[in-house]
Amino acid sequence: MASYLLIESRDPFESRGFAQRSELATALAADGAAVTIFLLENAVLASRSAARVRELDKFAKAGVRVLADEFSLRERGIGSEQIAATVKAVPIGTLVEELVAGAKAIWN
Amino acid sequence: MTTPATLSFLLMDAPYEQSRTATAFRLIDAALRRGHGVRVFAYEGAVSLAMTAQKPHANAIHGRTVEEEAHPTPHLWVSALLDLAKEQGVVIDWVNCGLCVDERGATDVVAGVRRGSPADFWKMASESENTLVIATR
């Protein structure tokens with residue numbers, strides 16, 4: 001099974017880019033690929049349940065895994081209780097493990 | 001612990017510009033600590049990351065000394081990553097794009113960083129389990 005790693009580093013609210021790549025992620029998952037979205041830097045703002053980012057629900061329905069960098073969350077004062085239930089906070093090493101496992105990675 | 005692999009990273013951002021650089025360094029650090037070999041191709045502004053002429057400075061506005069300011073100097077971070085690879089017994093190959101170096105006069109770099117060309121990046125990618133391009137915007 002093809003495996004894709006979409007690394008998001010930018011604020012999801014600053015452009016349509018996040019929404020467009022979200023469509024790509026769900027389309028890849030619909031084609032049978034294993035898809036992971038890794039939120040880094042300002043992209044972790046999307047992980048807050050209060051942000052009500054609609055794409056998170058779409059990811060959950062499509063089977064797209066969403067991970068958020070613990071360090072980026074901490075830098076921005078986002079506590080674990082603020083994160084949406086569908087997002088998992090992980091250390092940066094998890095991204096390394098995904099790369100080693102051979103996921104096709106795109107940095108945005 | 002996964003089987004040791006080799007990962008390649010292409011960096012493009014100049015120092016003191018973007019969070020991407022710090023994140024890239026964190027990724028390289030994590031890969032080395034897991035026992036993976038790392039290859040870095042520094043392209044365009046990223047060739048200045050290893051420049052030894054970078055100097056920390058005091059902050060006169062806030063009345064802080066050089067030590068109190070603890071201003072980061074990326075070339076020390078590059079050195080630390082090279083040292084970490086030695087400690088871990090894994091290979092790190094850090095290549096600066098030669099044309100980018102000449103354009104910027106970024107010739108004095110930390111020991112262990114070598115000059116190369118984009119062909120090196122192709123070789124790195126060909127010989128690695130995976131490659132991550134962290135492009136500038």
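In what follows, chains carry the letters A, B, and so on, assigned in the order in which the sequence lines appear, proteins first and then strands, with residues in each chain numbered from 1.
- Other residues, nucleotides and ligands place more than 12 heavy atoms under 6.0 Å from the CG atom of Leu76(B).
- Among Ser19(B), Ala135(B), Ala22(B), Ala31(B), the residue making the largest number of heavy-atom pairs under 4.5 Å with chain A is Ser19(B).
- Residue pairs meeting the salt bridge (charged side-chain N to carboxylate O under 4.0 Å, His left out) criterion with at least one member in residues 46-66 of chain B, sequence neighbours excluded, are Arg64(B)-Glu69(B).
- Between chain B and the residues Ala103(A), Ala105(A), Ser9(A), the largest count of heavy-atom pairs under 4.5 Å involves Ala103(A).
- Between Phe25(B) and Trp94(B), the ring planes lie perpendicular to each other; the angle is over 60°, past the 30° to 60° tilted range.
- Contact annotation for Leu5(A): neither backbone nor side-chain heavy atoms come within less than 4.5 Å of a heavy atom of chain B.
- Here salt bridge (charged side-chain N to carboxylate O under 4.0 Å, His left out) pairs that include residues 41-53 of chain A, with residues two or more places apart or in two chains, number zero.
- Proximity to chain A (any heavy atom under 4.5 Å) is restricted, for Leu132(B), to the side chain, taken from C-beta onward.
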Test log, rule side-chain hydrogen bond (donor to acceptor under 3.5 Å, both in side chains), inputs Arg65(A) and Thr36(A): CA-CA 5 Å; Arg65(A) 187 169 60 143; Thr36(A) 299; 3.2 Å; yes

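- Using a 4.5 Å cut-off between heavy atoms, Asn108(A) contacts chain B through both its backbone and its side chain.
- Proximity to chain B (any heavy atom under 4.5 Å) is shown, for Ile92(A), by both the backbone and the side chain.
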